[in-house]
Structures are given as C-alpha cells and as structure tokens.
Amino acid sequence: MSDRESNGVDFVRARVAEDVKNGRFGGKVQTRWPPEPNGYIHLGHAKGIWLSFGIAEEFGGACKLRFDDTNPTKESVEFVEAIKEDVAWLGYEWEEVVFASDYYEQLYDWALTLIRDGKAYVDSLSREEISSFRGTPTEPGRNSPFRERPVQENLELFERMRAGEFPDGTHVLRARIDMAHPNLNMRDPVMYRILHARHHRTADRWCIYPTYDWAHGQSDSIEGVTHSICGLEFENHRPLYDWFLDQLGVWHPQQVEYNNLNMTYTLQSKRNLRAMVEEGIVNGWDDPRMPTIRGIRRRGYTPQSIREFLVRVGVSKTEIMVDRGLLDFCLREELNRTARRVMVVLDPVKVVITNYDEGATETFHAEENPEDPAAGSRPLTFSREIYIERDDFMEDPPKKFFRLAEGREVRLKHACYITCNEVVKDAGGTVTELRCTYDPESRGGTTPDGRKVKGTLHWVNAADAVPVEVRLFDHLFTREDMVNLGDRDFREFLNPGSRTVLTGAMAEPGVRGLRPGERCQLLRHGYFVADESDSEPGRPVLNRITGLRDSWAKASGRS
RNA sequence: UGUCCCAUGGUGUAACGGUAGCACUACGGAAUUUGGCUCCGUCUGUGGGGGUUCGAAUCCUCCUGGGACAGCCA
C-alpha cells in the first residue's frame with residue numbers, strides 16, 4: 001500500500017531511513033504496536049497503528065501486535081479480541097500477536113540481576129510515603145529508609161513477594177537511581193507491585209506485576225525492536241527506558257515520540273468515552289458518532305479514507321487540533337470515485353404528472369457512477385406519480401432558488417423536464433401534492449430546442465419506491481476543542497442534533513440490493529452506508545457518513 | 001520557582017544557510033443532467049529581541065507562549 005506522500009518525509013520516517021542507511025540495528029526495521037487491552041481503540045490509536053505498522057511495511061520490516069498487559073485489574077480478553085479485529089479492519093497485518101505477560105519470567109530474572117547489582121531494592125514504605133518521599137518537580141525527593149537494604153535481604157524479600165507472602169501494597173521493587181534527579185521518572189521508579197489479581201492470561205500464576213516502565217523497554221528488547229514509536233507523553237520516560245536497557249546491557253531499541261492526534265468536535269479520552277456509553281449518551285461503543293474504530297467503521301468511513309487522512313495530517317512534535325472536515329474530505333474523495341449513485345427522497349412530496357397516461361410506464365437508464373463509466377447503468381421506472389424532495393419546491397422562491405416552483409420548469413435526473421402548474425395543500429396549509437406537466441420531447445433529460453433548466457432534481461417512482469430508514473449524524477459536540485475543557489464538563493457541549501432518524505424516506509428499488517456495510521452516494525445528499533447491525537435483507541438502514549459539499553445550503557444560510 | 005519537549009497562513013504539513021511551497025478550509029469565477037465532482041483564481045504565515053553570515057524559517061542566545069512529568073496507570 002502506498003501511504004507515502006511524494007513530497008517530504010516526516011521526521012519519524014526520516015530517522016528510520018537514516019538508521020537503515022547507516023546500518024544501525026543491522027539495517028533492519030522491527031516495530032511493535034503496544035495497546036493495553038483495557039478498552040476499545042479510537043482514531044487516536046489509528047495514528048500509532050499507521051506509524052508502527054506502516055513504517056515496518058514501508059521499510060521491509062515487521063511489526064508485532066503486542067498487548068501491554070501489565071495491569072490485570074483493568075484488562076480482559078474481550079478487549080484483546082476487539083483490538084485485533086479493529087487493527088485488522090484498518091488493513092494491517094501483524095507479524096505475530098504477543099503479550100508483555102509472555103515475558104514475565106524473563107522480566108523477573110532481569111529484576112534479580114538488577115537487585116544483585118545493587119540497582120534495585122525492595123521498598124516497604126506505604127503508597128502515601130513513597131509519594132511524599134518522591135518530592136515535587138521543584139524539590140528533590142528523599143531516600144527511603146529501605147534503600148540501603150542488603151542485596152541478600154532484597155533477594156529474599158522479592159522472592160517472598162512473588163511467593164505471595166505479602167498483601168497488596170506492602171512492598172514494591174524499585175530501581176535504585178537517584179531520588180534527587182530532576183526528571184521525576186528517575187527517582188527510584190517502581191518496577192513491581194503486589195497485586196493479588198487474576199490475570200486474563202497468566203491466571204493466578206503471578207501476584208506481582210511489572211509496571212509499564214519496567215516491562216515496556218525490556219519487551220521491546222526481547223523482540224529485537226529497532227524503533228519503539230510512542231506518543232509524546234512518554235518523552236520524559238525515555239531516559240528511564242534507556243537506563244534499564246543500559247544496566248542490563250541488552251538489545252537497545254530507539255524510542256521515538258510523535259504527536260498524538262486531536263480532532264475538532266471530538267473527545268477521545270477513554271474515561272469520557274466510557275462515560276458516554278454508560279450514561280446512554282450514545283448507543284454503545286460502536287455508535288456511529290463515536291471516534292472509536294468500531295464507531296467510525298459503523299458510521300461508514302473506509303479504512304483507506306482513514307489512512308489517507310493520517311497521511312495528510314502527517315507527523316511532527318507539535319500539539320495539534322486537526323479539522324475533522326479533513327476526514328470527511330478524504331472519505332468523499334474516495335467514495336466519489338467508487339460509490340454507486342442512488343436516488344432517495346428523504347422527505348417526500350407527491351408529484352402528479354397530469355399529462356402522463358395513467359397506468360403508463362417507461363424505463364430510463366441511469367449511470368451508476370459518472371466518475372466510473374465501467375460501473376455501467378441501471379434501469380429506472382418512470383410513471384405518472386413520483387416523489388420529490390419537499391425542500392425542492394418553494395411557493396415563494398428567493399432569487400437564486402433553482403428548483404421547482406409554480407410555473408417553473410426543472411429536470412428530473414435521468415428522466416425529463418417537468419413544469420409545476422398547481423399546488424395542492426391540506427387544511428393546515430401543508431403542501432400535499434404538486435400537479436405538473438412534462439415535456440415528452442425532453443425524455444432523457446434534454447430537449448431538441450436546447451433550452452436549459454437551472455435545476456435538476458432527484459426523484460423516485462411512487463409505484464415501486466421502497467421505504468427506508470435513514471439516520472443522519474452530526475458532530476457529537478458543539479464545541480471545536482473538546483480536549484482543553486478547563487473546568488468545564490463535556491456534557492455541557494452535547495449536540496442535541498447529533499443523531500436524526502428519518503422514517504419517511506422513499507428510495508429507488510435498487511437500494512434493496514445494498515449489502516450491510518456497502519456504501520453509496522445518495523444523489524444530492526451525501527455518502528451513506530447500509531448499517532452493519534440494523535439492516536435487514538432487502539431493507540437497509542442507511543447511515544449518513546458525511547454530506548456532499550453544499551454551496552446552496554451555505555448561500556441560503558441553512559445547516 | 002526543576003527537567004524535558006514544542007512554536008511556519010484559519011487548520012495540518014514542507015523548505016542542503018539561498019524565490020516561504022503543498023493540502024484542507026474560506027471566498028470568487030468557469031463548466032455542469034448531482035447547487036456534487038472537475039477547472040481557474042483570491043485572501044491569510046515564519047511568536048519577539050539580539051547575534052553569526054553576502055544572505056537566517058533554518059545556526060547561536062535571551063525572552064514570550066504552550067505542553068508533559070509529582071500512579072504501586074499505560
């Protein structure tokens with residue numbers, strides 16, 4: 001797959017390329033993508049996936065999917081399976097699936113090595129004491145009274161920790177570095193804590209678990225990782241990452257940090273995402289409005305459009321807030337080329353063509369995709385009664401309204417010209433029917449006299465129209481920056497119109513053939529996907545992925 | 001009053017020390033059987049002060065602004 005921009009290479013790739021060129025790591029590239037299986041992954045994760053898997057792919061290397069399962073209290077197999085599915089859906093193939101827990105024994109042995117070397121010790125301070133002994137960013141920490149424990153005692157205590165002789169929180173194993181270090185991560189970081197918890201893979205074989213800092217770099221080393229690509233938030237951890245590897249004298253990967261992806265109108269913190277699901281603000285983790293991979297998948301975005309989006313966003317070390325519109329642009333760009341066109345009237349109003357014979361019928365041919373002649377065409381039945389969009393008619397049309405009005409002529413897409421002669425309304429003044437005449441000469445959409453019409457409307461034949469449910473989605477929030485909320489709550493910015501369900505829509509018969517997950521363009525409306533969960537055979541539920549660019553909406557000041 | 005990181009149009013991202021470019025957005029126009037697509041055009045940028053240099057977005061320095069770090073989370 002070619003995800004590379006022709007012009008310019010991001011700094012991560014530049015760095016990898018340089019290492020390859022210089023023969024560092026033997027010219028090899030080995031990466032890993034290390035999620036913690038404690039939740040569903042989202043678009044932010046997709047960037048990390050794209051980088052780690054993408055770079056390995058581009059440089060002829062390999063990438064492992066490694067679950068960083070060092071905290072049994074929050075992790076589960078359910079998430080392991082979900083994450084595998086999501087990565088695969090994005091289009092990436094892992095060299096193999098591995099787990100940090102596969103390395104627990106090796107990690108333990110290495111911890112023993114550090115203890116013997118006087119580089120680690122068992123601390124018996126309470127959690128609170130450890131915290132207060134750590135100092136603050138501006139004040140140095142203080143040594144624990146247990147810091148000078150003899151090696152033998154540390155060894156014995158550590159073994160007893162593993163043996164389960166102590167309750168949670170009574171002891172930890174710490175690296176012995178420098179309690180006055182200006183980088184807080186270097187102030188004797190915790191390597192192991194006691195957790196009598198059942199692990200989703202190792203069950204109850206362990207009751208001490210390695211921390212991220214202790215497990216991560218060493219796992220990378222075991223796998224022969226060359227470039228350990230992670231978020232900017234781990235920048236301050238790199239000195240510690242390097243320290244452990246140096247003490248052990250083992251394979252030493254290069255950690256490289258990139259900027260995480262933030263998008264306008266979207267919230268990506270796991271905690272808040274969870275809250276939205278639990279509070280019923282959205283309908284589950286795969287709600288089409290969610291930024292989770294499952295959500296954007298159900299919404300209808302394609303893996304290719306996501307990758308293209310990532311390419312266009314690029315990589316740097318600046319904190320960013322990307323315009324969500326860019327994702328939509330990428331989706332439209334792809335689907336414009338590949339999606340079939342379909343006519344669906346969202347809010348129908350009946351049109352009776354008074355000079356068309358009752359009971360008569362004729363067939364027009366409509367191109368499936370004007371951008372792709374090879375896609376061919378489909379037949380469309382036309383008759384005396386059809387539906388058009390209620391919005392496509394106005395009684396008192398403003399200056400630049402190019403659609404139907406009394407006395408005006410418009411084209412019905414792929415069919416003919418019609419002119420409106422009479423408006424029928426109910427007692428409440430609502431338009432119930434438009435009585436029009438058509439020009440038999442205009443069959444096919446043009447007339448011999450070459451006269452032009454300003455508007456072309458989509459329509460469906462009343463006799464064989466099929467009712468479909470259509471769901472329109474919009475931003476979940478009304479505020480662009482949902483990352484820096486200060487002391488405000490995300491619930492203050494919920495968009496009440498983020499989901500609209502239309503039940504009166506009428507579609508051309510062909511929509512019955514839409515398979516769940518299949519995408520199409522509803523002419524003049526936007527790109528839609530047949531919902532993967534709620535569509536039934538012959539009766540698709542259509543999710544709007546994104547609308548078409550709509551210069552009329554802008555000009556007329558509507559949404 | 002610590003360490004580390006960052007700073008180019010509205011947004012994102014380029015530019016061996018040598019013409020600040022590309023994309024998205026916005027706006028204008030052309031064309032149009034989708035008010036889509038396409039095509040053409042326009043607006044907006046190197047955070048500030050010093051220094052090095054023939055020449056600085058780029059190198060040095062100070063400042064300003066922003067961010068990360070005080071979990072036995074990752």
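Order of the sequence lines sets the chain letters (A, B, ...), proteins ahead of strands, with each chain counted from 1.
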Need one value for [X]: base, sugar-phosphate or nothing, where a base atom within 4.0 Å counts as base even if backbone is also close, heavy atoms only.
| X | result |
| --- | --- |
| A:Tyr258 | nothing |
| A:Pro370 | base |
| A:His237 | base |
| A:Met321 | sugar-phosphate |
| A:Gly325 | nothing |
| A:Lys454 | nothing |
| A:Phe234 | base |
| A:Val313 | sugar-phosphate |
| A:Asp213 | nothing |
| A:His414 | base |
| A:Val315 | sugar-phosphate |
| A:Glu139 | nothing |

Could you state the [atom1]-[atom2] distance from [X] to [N], rounded to the nearest angstrom?
| X | N | atom1 | atom2 | value |
| --- | --- | --- | --- | --- |
| A:Arg519 | B:G36 | CZ | C1' | 19 Å |
| A:Leu327 | B:A23 | CG | P | 19 Å |
| A:Asp481 | B:U11 | CG | P | 12 Å |
| A:Asp178 | B:A70 | CG | P | 18 Å |
| A:Glu233 | B:C6 | CD | P | 15 Å |
| A:Leu326 | B:A23 | CG | P | 13 Å |
| A:Met179 | B:A70 | CE | P | 13 Å |
| A:Lys413 | B:U32 | NZ | P | 13 Å |

Distance-only side-chain donor-acceptor flag, [X] / [Y], under 3.5 Å:
| X | Y | value |
| --- | --- | --- |
| A:Asp213 | A:Thr211 | no |
| A:Asp328 | A:Tyr301 | yes |
| A:Thr136 | A:Glu139 | yes |
| A:Glu36 | A:Asn38 | yes |
| A:Thr318 | A:Asn259 | no |

Inset, instruction - Applying ring-ring contact (aromatic ring centres under 6.0 Å, His included), run through A:Trp459 and A:Phe382 and close with a yes or a no. - result: CA-CA 10 Å; A:Trp459 54 276; A:Phe382 184 82; 5.3 Å; yes

Should the pair [X]-[Y] be classified as a salt bridge under the 4.0 Å nitrogen-to-oxygen rule?
| X | Y | value |
| --- | --- | --- |
| A:Glu223 | A:Arg32 | no |
| A:Glu129 | A:Arg134 | no |
| A:Glu368 | A:Arg341 | no |
| A:Arg524 | A:Asp392 | yes |

How far, in whole Å, is [M] from [N] if one measures between their [atom1] atoms?
| N | M | atom1 | result |
| --- | --- | --- | --- |
| B:G10 | B:C43 | P | 14 Å |
| B:C63 | B:C6 | C1' | 16 Å |
| B:A23 | B:G41 | P | 11 Å |

Inset, instruction - Look only at the side chain of A:Thr302 and the backbone of A:Ser305, and say whether a donor-acceptor pair between them is shorter than 3.5 Å. - result: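 Checked: pair present.
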
Legend entry - Contacts of A:Tyr40 that satisfy side chain to side chain donor-acceptor pair (under 3.5 Å) - sequence neighbours left out: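 If we apply the side chain to side chain donor-acceptor pair (under 3.5 Å) test to A:Tyr40, skipping adjacent residues, the hits are A:Glu78.
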
Can you tell me which nucleotide in [options] comes closest to the side chain of [X]?
| X | options | answer |
| --- | --- | --- |
| A:Arg341 | B:G35, B:G36, B:G12 | B:G36 |
| A:Phe402 | B:U34, B:G35, B:C69 | B:G35 |
| A:Arg193 | B:C72, B:U11, B:U34 | B:C72 |

Inset, instruction - Kindly determine whether A:Tyr241 and A:Tyr212 satisfy ring-ring contact (aromatic ring centres under 6.0 Å, His included), including the steps that lead there. - result: CA-CA 10 Å; A:Tyr241 181 101; A:Tyr212 164 84; 8.5 Å; no

List, with names and distances, any nitrogen or oxygen atoms from the protein found under 3.5 Å away from nitrogen or oxygen atoms belonging to nucleotides 37-44 of chain B.
| unit_1 | atom_1 | unit_2 | atom_2 | d |
| --- | --- | --- | --- | --- |
| B:C37 | OP1 | A:Arg549 | NH1 | 3.2 |
| B:C37 | O2' | A:Asn336 | ND2 | 2.9 |

Legend entry - Side-chain heavy atoms of A:Val483 within contact of A:Met321, under 4.5 Å: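 With C-beta onward as the side chain, the pair touches.
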
Legend entry - Side chains of A:Phe234 and A:His216 in contact at under 4.5 Å (non-hydrogen atoms):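 When only atoms from C-beta onward are counted, A:His216 and A:Phe234 do not touch, as no gap falls below 4.5 Å.
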
[X] side chain near [N] phosphate (N/O to OP1/OP2, under 4.0 Å):
| X | N | result |
| --- | --- | --- |
| A:Asn259 | B:G12 | no |
| A:Thr211 | B:G71 | no |
| A:Arg134 | B:G71 | yes |

Inset, instruction - With RNA chain B as reference, determine whether A:Gly135 or A:Ile320 sits nearer its 5' end, using the nearest nucleotide of each. - result: A:Ile320

Inset, instruction - Would you kindly compare A:Asp323 and A:Ala415 by the position of their nearest RNA chain B nucleotide and give the one closer to the 5′ end? - result: A:Asp323

Legend entry - Contact residues, residues 122-133 of chain A to RNA chain B [heavy atom, < 4.0 Å]: A:Leu125, A:Ser126, A:Arg127, A:Ile130, A:Ser131

Inset, instruction - For B:G71, measure the glycosidic angle (O4'-C1'-N9-C4 for a purine, O4'-C1'-N1-C2 for a pyrimidine) and name it syn if it falls within 90° of 0, otherwise anti. - result: syn

Inset, instruction - Assign the ring pair A:His45 / A:His42 to parallel, tilted or perpendicular, where the plane angle (0 to 90°) is split at 30° and 60°. - result: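 Aromatic pair A:His45/A:His42 classed tilted.
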
Legend entry - Counterpart residues, side chain to side chain contact (heavy atoms under 4.5 Å, CB included), relative to A:Val453 (two or more places apart): A:Glu409, A:Arg411, A:Tyr417

Strictly under 3.5 Å: I want the nitrogen or oxygen pairs between protein and nucleotides 2-5 of chain B, one per line.
| unit_1 | atom_1 | unit_2 | atom_2 | d |
| --- | --- | --- | --- | --- |
| B:G2 | N9 | A:Pro137 | O | 3.2 |
| B:G2 | N2 | A:Pro182 | O | 3.4 |
| B:G2 | N3 | A:Pro137 | O | 3.1 |

Legend entry - Ring-on-base stacking B:A74 with A:Tyr212 (under 5.5 Å, under 30°):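 Stack criterion not met.
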
Inset, instruction - For RNA chain B, produce a single dot-bracket line, 5' to 3'. Pairs: Watson-Crick or G-U wobble, both distances under 3.5 Å. Symbols: ( ) within strand, [ ] crossing, | other strand, . unpaired. - result: .((((((..((((....[..)))).(((((.......)))))....(((((..]....))))))))))).....

